[in-house]
Amino acid sequence: MTIDLNEFLLIVLYNLLIVLVIIFGILGIKLIKTLKKVDSVIDDVNKKMDKVDGVFSIIDKTTDYASSISDKIVNSLASLINILFKKKKGKDENDEE
């Protein structure tokens, strides 16, 4: 019962290939489970972001409203100051004539 060296190496190679296939199968299954967990985490984050988006839109509308009010106040004060200076310049010019 002598086994040729070529046959022995083929048997070892086939056994190693079987072990590799089993290892890759186990890693593939674990990878699929991990991807399912990651997918569920991403879904949860998306749901929470949708809720937070509503809050941010409310804050955005509020700041836009406050900004428009402050713009109106600044414009009215600027026009009032402009009117006061125009009247003062007009009086100075009339006094010189």
Side-chain angles (χ1 to χ4, degrees):
M1 274 199 119
T2 60
I3 299 178
D4 198 15
L5 184 61
N6 287 337
E7 291 176 12
F8 177 72
L9 289 176
L10 280 175
I11 292 171
V12 170
L13 185 64
Y14 287 142
N15 285 334
L16 288 175
L17 285 174
I18 290 170
V19 169
L20 280 175
V21 167
I22 291 171
I23 289 173
F24 284 139
I26 292 170
L27 287 175
I29 291 170
K30 287 188 176 189
L31 182 65
I32 290 171
K33 288 180 181 178
T34 303
L35 287 175
K36 285 182 182 179
K37 288 179 184 177
V38 168
D39 191 38
S40 67
V41 168
I42 289 173
D43 287 340
D44 289 342
V45 168
N46 282 336
K47 287 178 186 176
K48 289 178 182 176
M49 284 302 295
D50 289 339
K51 291 178 183 177
V52 173
D53 262 353
V55 173
F56 283 140
S57 67
I58 291 171
I59 291 172
D60 187 40
K61 289 178 184 178
T62 305
T63 55
D64 288 343
Y65 181 71
S67 175
S68 67
I69 289 175
S70 65
D71 287 344
K72 288 178 184 178
I73 292 172
V74 167
N75 285 335
S76 63
L77 287 176
S79 64
L80 180 66
I81 291 171
N82 196 12
I83 290 171
L84 289 175
F85 281 120
K86 281 186 178 179
K87 285 183 179 180
K88 193 173 190 181
K89 285 182 183 179
K91 289 181 181 178
D92 291 340
E93 290 173 3
N94 289 336
D95 290 339
E96 291 176 5
E97 292 178 3

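- If you take CE on Met49 and CG on Asn46, they are separated by 8.5 Å, rounding to the nearest 0.5 Å.
- Side chains of Val19 and Asn15 form no contact here, defined as non-hydrogen atoms less than 4.5 Å apart.
- Interatomic distance, OH of Tyr14 versus CG of Leu9, reported as 12.0 Å (0.5 Å rounding).
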Please tabulate, for the side chains in residues 25-40, all donor-acceptor contacts under 3.5 angstrom to protein atoms that are two or more places apart in sequence or on a different chain.
residue	atom	partner	partner atom	Å
Thr34	OG1	Lys30	O	2.8
Ser40	OG	Lys37	O	2.7

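- A distance of 10.0 Å separates CG in Leu10 from CG in Leu5, rounded to the nearest 0.5 Å.
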Only pairs under 3.5 Å count here: list side-chain donor-acceptor contacts from residues 50-63, not counting sequence neighbours, and write none if there are none.
residue	atom	partner	partner atom	Å
Ser57	OG	Asp53	O	3.4
Ser57	OG	Gly54	O	2.7
Thr62	OG1	Ile58	O	2.8
Thr63	OG1	Ile59	O	3.1
Thr63	OG1	Asp60	O	2.8

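- Side-chain N or O atoms of Asn75 include one that pairs as donor or acceptor with a backbone N or O of Asp71 at under 3.5 Å.
- Hydrophobic clustering of Ile, Leu, Val, Met, Phe, Trp and Tyr side chains at less than 4.5 Å, counting indirect connections, unites Ile69 with Leu77.
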